[in-house]
Amino acid sequence: MSELVTSLAALAGFMVGAIAMMAVRTRAGGEPHPVEAGESALPQGVASVLAVLPSSAVVLDRDDRVLRASSAARAFGLVRGDRLMAAELLALARQVRRDGEIRESEFEVAAHKFGMEATNFAVRVAPLGTHGQVLVLAEDQTERRRVEAVRRDFVANVSHELKTPVGALSLLAETVRAAADDPVAVTRFAGRMEHEAARLTYLVQDLITLSRIQGGDPIPTPACVPVDEVMHEAIDRCNTRAAAKAITLVAGGTEGLRVWGDDELLVTALRNLIDNAVAYSPESTRVVVSARPAGESVEVSVSDQGIGIPESSQERIFERFFRVDAARSRATGGTGLGLAIVKHVAVAHGGEVSVWSKEGSGSTFTLRLPAFGGTALAVPSTPIIPLEAAQ
């Protein structure tokens with residue numbers, strides 16, 4: 001906000017100074033400058049400055065008519081015809097005209113189209129010239145506020161997720177101390193402490209991974225990555241958890257495909273998808289990891305026979321800490337960051353991730369990545385369906 005105020009103040013000062021200099025030059029040249037013309041026209045040069053402003057800019061005359069409005073001001077619905085539509089801004093402009101003091105404020109404009117969110121503005125209103133004209137500058141702060149809200153939510157969620165295992169470790173340590181004479185109890189509680197410590201470790205590791213890739217920057221030094229190796233490495237890392245539920249992990253699809261990217265990040269993304277499939281699948285089922293060429297890309301899919309995802313939640317599952325079933329996620333030891341990591345890894349590789357799911361029929365997550373050298377064969381675009389639906 002301070003940077004915005006500084007820039008707007010500098011701009012307003014520049015305009016007022018430019019108008020004063022033009023007035024001096026006009027008087028020095030001996031040319032008449034009728035008061036009537038100054039009251040109804042925009043000072044020369046000001047229009048050129050307003051035209052290059054990224055923010056919404058409006059100039060009002062002494063009767064509150066709009067002399068000039070940027071395209072942004074009209075697009076946001078601040079101006080219609082020759083009238084300023086925001087009552088708050090109009091009242092602020094009249095106050096500035098009365099006392100000549102520059103004013104700053106923030107206000108919100110309701111969406112003028114269905115389905116759009118309200119727009120938040122930081123505004124600065126200043127007198128312009130000596131004929132009652134007023135300059136209104138409004139900077140869209142919606143995205144900045146959204147980012148701040150995301151940051152606050154992220155900090156709150158991280159604090160909450162860290163609080164649970166840390167609190168559990170503290171209580172377990174006290175319990176172990178109290179049961180020092182009971183070897184069986186010590187062994188049982190020590191196992192619980194190991195579980196909570198592992199959960200804490202996973203969360204910290206996921207946070208570190210997410211912080212590395214969430215900027216959306218491309219991979220700095222991409223290399224040729226064999227998809228088969230990524231698939232088998234990810235499956236190896238998930239075998240223990242899958243075996244505990246008698247779930248079979250199967251690799252399939254087209255062999256020999258290669259993509260551009262970072263092999264470790266791709267293994268991490270695919271491991272998260274497989275872990276997610278195992279966590280939400282019933283015992284004694286299968287999870288299939290497959291690859292296929294798709295034009296200039298390679299698609300790597302993970303299909304399960306699990307509980308599926310409600311349609312209302314499918315758009316949000318890649319958000320950090322979002323859980324369809326929070327109780328079940330915590331019971332399985334999930335951090336709530338796995339799918340967010342998958343999304344950011346895909347974006348960092350110039351690809352994307354999508355999901356097909358139906359409650360009771362399973363889910364299929366698909367990573368679409370640029371093929372190495374653009375050599376993947378073109379194939380018809382057909383949806384991948386869960387195993388149960390294909391049987």
Side-chain angles (χ1 to χ4, degrees), residues 1-24 33 35-113 116-149 151-152:
M1 182 65 185
S2 59
E3 295 179 358
L4 173 65
V5 170
T6 301
S7 60
L8 294 184
L11 177 61
F14 167 76
M15 289 184 174
V16 174
I19 295 170
M21 289 191 67
M22 285 187 286
V24 170
H33 183 71
V35 174
E36 292 78 5
E39 292 177 351
S40 60
L42 192 66
Q44 183 180 2
V46 174
S48 299
V49 176
L50 295 179
V52 298
L53 287 177
S55 55
S56 301
V58 181
V59 177
L60 301 174
D61 67 9
R62 65 189 309 164
D63 298 318
D64 292 333
R65 290 194 305 267
V66 174
L67 295 180
R68 186 82 175 188
S70 65
S71 56
R74 296 188 183 277
F76 282 119
L78 297 178
V79 174
R80 187 175 302 165
D82 65 347
R83 291 296 174 186
L84 185 63
M85 303 305 296
E88 295 178 57
L89 277 184
L90 194 57
L92 205 60
R94 289 169 178 170
Q95 292 177 12
V96 169
R97 186 182 294 114
R98 282 196 300 268
D99 56 27
E101 294 184 5
I102 297 175
R103 283 181 167 80
E104 300 164 4
S105 182
E106 293 187 4
F107 76 106
E108 182 177 279
V109 174
H112 59 282
K113 290 184 180 179
M116 296 178 61
E117 62 178 344
T119 306
N120 295 285
F121 287 98
V123 299
R124 186 176 177 85
V125 183
L128 189 63
T130 58
H131 302 299
Q133 295 176 353
V134 175
L135 171 65
V136 179
L137 295 176
E139 187 74 20
D140 180 10
Q141 299 290 297
T142 307
E143 181 63 17
R144 179 181 65 81
R145 289 195 172 189
R146 188 192 67 80
V147 171
E148 289 178 353
R151 185 182 296 112
R152 286 195 302 270

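The figures that follow rest on heavy atoms only: side chains count, while hydrogens, waters and symmetry mates do not.
- Note: Phe107 and Phe121 have parallel aromatic rings, judged against thresholds of 30 and 60 degrees for the angle between ring planes.
- The shortest distance between side-chain heavy atoms of Pro127 and Leu135 does not fall below 4.5 Å.
- Smallest separation of non-hydrogen atoms from Val134 and Ala93: CG2-O, 3.9 Å.
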Worksheet item: Val66 and Leu60: side chain to side chain contact (heavy atoms under 4.5 Å, CB included), yes or no, with the steps?
Response: CA-CA 5 Å; Val66 174; Leu60 301 174; 3.7 Å; yes
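- Between the CG atom of Leu92 and the CD atom of Glu104 there is a distance of 10.0 Å, given to the nearest 0.5 Å.
- Of all the heavy atoms in Val79 and Met85, the pair that sits closest is C-CG, 4.1 Å.
- Asp64 contributes atom CG, which lies 4.5 Å from atom CG of Leu90 (distance to the nearest 0.5 angstrom).
- Applying side-chain hydrogen bond (donor to acceptor under 3.5 Å, both in side chains) to Asp99 and the options Arg103, Arg97, Gln95 leaves one that passes, Arg103.
- Here the closest non-hydrogen pair linking Val58 and Ala73 is CG2-CB, 3.8 Å.
- Considering all non-hydrogen atoms of both residues, Ser56 and Ser70 come closest at CA-OG, 3.5 Å.
- Between the side chain of Asp63 and the backbone N or O of Arg65, no donor-acceptor pair lies under 3.5 Å.
- Annotation: side chain to side chain donor-acceptor pair (under 3.5 Å) contacts of Arg83 (sequence neighbours excluded): none.
- Listed by chain and residue number, nothing satisfies the side chain to side chain donor-acceptor pair (under 3.5 Å) test with Glu88 (two or more places apart in sequence, or in another chain).
- In this structure, Asp82 has no side chain to side chain donor-acceptor pair (under 3.5 Å) partners at least two apart in sequence or on a different chain.
- Contact record, Ala126 with Val96: C-CG1, 3.8 Å, taken as the closest heavy-atom pair.
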Discussion item. Please determine whether side chain to side chain contact (heavy atoms under 4.5 Å, CB included) holds for the pair Asn120 and Glu106, giving the CA-CA distance in whole Å, both sets of side-chain angles, and the decisive distance to 0.1 Å.
Written reply: CA-CA 7 Å; Asn120 295 285; Glu106 293 187 4; over 6 Å; no
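- Thr142 places no side-chain N or O within 3.5 Å of a backbone atom of Thr119 that could act as its donor or acceptor partner.
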